[in-house]
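Report on one structure; see the data block that follows.
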Amino acid sequence: MKAITLRNLPPDVARTVQQRAKQKKTSVNKAVIELLEESVGGKGKKKSPVRYHDLDHLAGTWTKEEAAAFEALIAEQRTIDPELWK
């Protein structure tokens, strides 16, 4: 498709486009295309899942005794009450 020139964008629209470009670390042109694609029913590409790493420092820090104590404490919560499933 040929190029399209947009003039007199409302400030909030321009700000949204610039924020999207910065967030995605892409060009303003690509950000505009993504926003337009989303507005007409989504993109052809699937979004990759977001991975968070804010709790990574906790992984693998329990001793075997601490893990066993935790499992013992929550064992009752993991049981299924047959009365609730009738």
Side-chain angles (χ1 to χ4, degrees):
M1 179 177 177
K2 293 183 180 183
I4 298 174
T5 302
L6 301 173
R7 293 185 182 96
N8 303 320
L9 283 176
D12 57 330
V13 174
R15 191 171 26 260
T16 300
V17 171
Q18 290 173 338
Q19 287 172 348
R20 171 64 69 98
K22 185 176 181 181
Q23 175 190 19
K24 298 279 187 167
K25 297 180 182 169
T26 188
S27 68
V28 170
N29 185 67
K30 286 184 181 180
V32 169
I33 292 170
E34 283 183 2
L35 289 166
L36 288 170
E37 286 176 332
E38 289 172 9
S39 72
V40 294
K43 294 201 259 182
K45 302 176 191 174
K46 289 185 179 180
K47 287 188 176 181
S48 59
V50 177
R51 293 186 180 224
Y52 297 96
H53 298 285
D54 51 343
L55 299 175
D56 287 354
H57 66 283
L58 297 174
T61 59
W62 283 357
T63 64
K64 288 183 181 182
E65 294 79 20
E66 290 170 326
F70 178 77
E71 290 293 330
L73 288 171
I74 64 167
E76 184 178 340
Q77 296 176 9
R78 290 186 174 168
T79 58
I80 297 172
D81 185 354
E83 293 297 315
L84 294 175
W85 290 94
K86 287 185 177 183

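Heavy atoms only: backbone and side chains are in, while hydrogens, waters and symmetry mates are out.
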Indicate every side-chain donor-acceptor pair of residues 50-58 with a distance under 3.5 Å to a residue at least two apart or in another chain.
from: His53; atom 1: ND1; to: Asp56; atom 2: OD2; distance (Å): 2.8

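Rounding to the nearest 0.5 angstrom, the gap separating the CD1 atom in Ile4 from the CG atom in Asn29 is 10.0 Å. From Asp81, atom CG reaches atom CD of Glu76 across 10.5 Å, with rounding to the nearest 0.5 Å. Between the NZ atom of Lys22 and the CD atom of Gln18 there is a distance of 10.0 Å, given to the nearest 0.5 Å. The CG atom of Asp12 sits 10.0 Å away from the CD atom of Gln19 when rounded to the nearest 0.5 Å.
Put simply, the side chain of Arg20 does not reach to within 4.5 Å of the side chain of Val17, judged on heavy atoms. With a 4.5 Å cut-off on side-chain heavy atoms, Arg78 and Glu71 count as touching.
Minimum interatomic distance between Ser27 and Ala21 (heavy atoms only, all atoms of both residues): O-CB, 3.8 Å.
A donor-acceptor contact shorter than 3.5 Å links the side chain of Glu66 to the backbone of Thr63.
Ile74 and Ile80 end up in different hydrophobic clusters when Ile, Leu, Val, Met, Phe, Trp and Tyr side chains are linked at under 4.5 Å. Cluster membership for Val28 and Ile33, using ILVMFWY side-chain heavy atoms within less than 4.5 angstrom, is not shared.
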* Show your reasoning for whether side chain to side chain contact (heavy atoms under 4.5 Å, CB included) applies to Glu34 and Lys24. => CA-CA 10 Å; Glu34 283 183 2; Lys24 298 279 187 167; 3.9 Å; yes
